[in-house]
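So the structure is just underneath, and the comments pick up after that.
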Amino acid sequence: MRLVGPSGEQVGIVPLAKALELAQEYDLDLVEVAANARPPVCKLMDYGKFKYESAMKAREARKNQAHTVIKEMKLRPKIDPHDYDTKKGHVVRFLKQGDKVKITIMFRGREQSRPELGYRLLQRLAEDVADLGFVESNPKQDGRNMIMVLGPHKKKTEAMAEARQAQEARKADAKANPGKSQNVAETDDVDAEAPAEAPAEA
């Protein structure tokens with residue numbers, strides 16, 4: 001077999017008995033790493049530590065894996081301006097998180113004869129969030145509904161990394177200034193309660 005040492009150095013081709021002897025000498029395990037090679041390749045290593053490190057790497061990879069999520073936001077053609085701003089706020093948040101957003105305009109009764117109202121509303125929303133997302137699927141009628149899909153400019157992985165950085169920055173700031181917000185509030189209270197100075201007499 002071809003033997004690789006504990007630090008990755010090439011020991012060379014050695015018989016099995018010699019490899020087992022070296023493993024015992026180093027107090028390590030003899031692990032076959034390439035069974036199909038000719039001759040097979042084995043390595044001297046701490047197999048328990050190797051398995052633990054492999055599991056940690058796999059866990060980290062899963063944590064950083066991005067899952068594309070499609071969020072849905074439903075609107076009415078004659079939506080109130082305040083409701084529109086609220087719904088737009090949700091769309092902005094979803095796009096910032098790197099998620100796609102399916103916008104559904106629901107038509108009821110006579111509204112179905114005015115599809116242009118829904119189309120204009122979707123166009124307006126797309127323009128309002130153009131800096132965060134783009135129209136991935138153009139508005140199309142689907143029975144009583146009109147649907148449009150917005151895609152984020154930012155990839156999910158980038159959005160996740162930015163969110164983690166912001167969270168770490170907030171934690172570091174809170175640790176560095178534990179009573180900052182409280183102290184500011186107390187200072188403001190003192191200033192508010194302090195009597196105004198009397199004007200100087202001429």
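Atom set for the values below is all heavy atoms of this structure, side chains included, hydrogens, waters and symmetry mates excluded. Starting from 1, each residue takes its place in the sequence as its number.
- Residues Lys102 and Ile70 approach most closely at CB-CG2, 4.0 Å, considering heavy atoms.
- Considering CZ of Arg108 and NZ of Lys78, their distance stands at 12.5 Å, rounded to 0.5 Å.
- A donor-acceptor contact shorter than 3.5 Å links the side chain of Gln141 to the backbone of Gly143.
- For the pair Met148 and Pro139, the tightest heavy-atom approach, listed with the atom from each and the gap, is SD-CG, 3.9 Å.
- Cluster note: Tyr52 groups with Met56 through ILVMFWY side-chain heavy atoms spaced under 4.5 Å, whether in direct contact or through intervening members.
- With contacts defined as side-chain heavy-atom distances shorter than 4.5 Å, the pair Arg76/Glu111 qualifies.
- Alongside Val14, the hydrophobic cluster contains Met1, Leu3, Val11, Leu16, Leu20, Leu22, Tyr26, Leu28, Leu30, Leu44 (criterion: ILVMFWY side chains under 4.5 Å).
- You'll find the side chain of Tyr84 reaches within 4.5 Å of the side chain of Leu125, heavy atoms only.
- Using a 4.5 Å heavy-atom threshold, the side chains of Val33 and Val4 count as separate.
- By the rule that hydrophobic residues join a cluster once side-chain heavy atoms approach within less than 4.5 Å of another member, Ile103 and Val92 end up as members of one cluster.
- The distance from atom OG of Ser54 to atom CZ of Arg59, rounded to the nearest 0.5 Å, is 14.5 Å.
- Once rounded to the nearest 0.5 Å, the distance linking CZ of Arg93 with NZ of Lys88 reads 14.5 Å.
- Residues satisfying the salt bridge (charged side-chain N to carboxylate O under 4.0 Å, His left out) test with Glu136, not counting sequence neighbours, are Lys100.
- Residues Arg114 and Glu116 have side chains in contact (heavy-atom distance under 4.5 Å, counting atoms from C-beta outward).
- Within the model, atoms CG of Leu122 and CG of Leu117 stand 11.0 Å from one another, a figure rounded to the nearest 0.5 Å.
- Counting heavy atoms from C-beta on, the side chains of Leu150 and Val135 come closer than 4.5 Å.
- Put simply, the side chain of Asp29 never gets that close to the backbone of Val31: no donor and acceptor are under 3.5 Å apart.
- Contact detail for His153 and Ala130: the closest heavy-atom pair is NE2-O, 2.9 Å.
- Closest approach of Phe107 and Gly118 over heavy atoms only: CZ-CA, 3.9 Å.
- Within 6.0 Å of CG on Asp27 lie no more than 12 heavy atoms contributed by other residues, nucleotides or ligands.
- With values rounded to the nearest 0.5 angstrom, Lys71 atom NZ is found 5.0 Å from Asp99 atom CG.
- Taking each heavy atom of Pro152 and Phe134 in turn, the nearest pair found is O-CE2, 3.5 Å.
- Across all non-hydrogen atoms, the minimal contact from Gly5 to Lys43 is O-CE, 3.8 Å.
- With hydrophobic clusters built from ILVMFWY side chains whose heavy atoms lie under 4.5 angstrom apart, Ile147 does not share a cluster with Ile79.
- For the atom pair CE (Met73) and CD1 (Ile105), the distance works out to 11.5 Å, reported to the nearest 0.5 Å.
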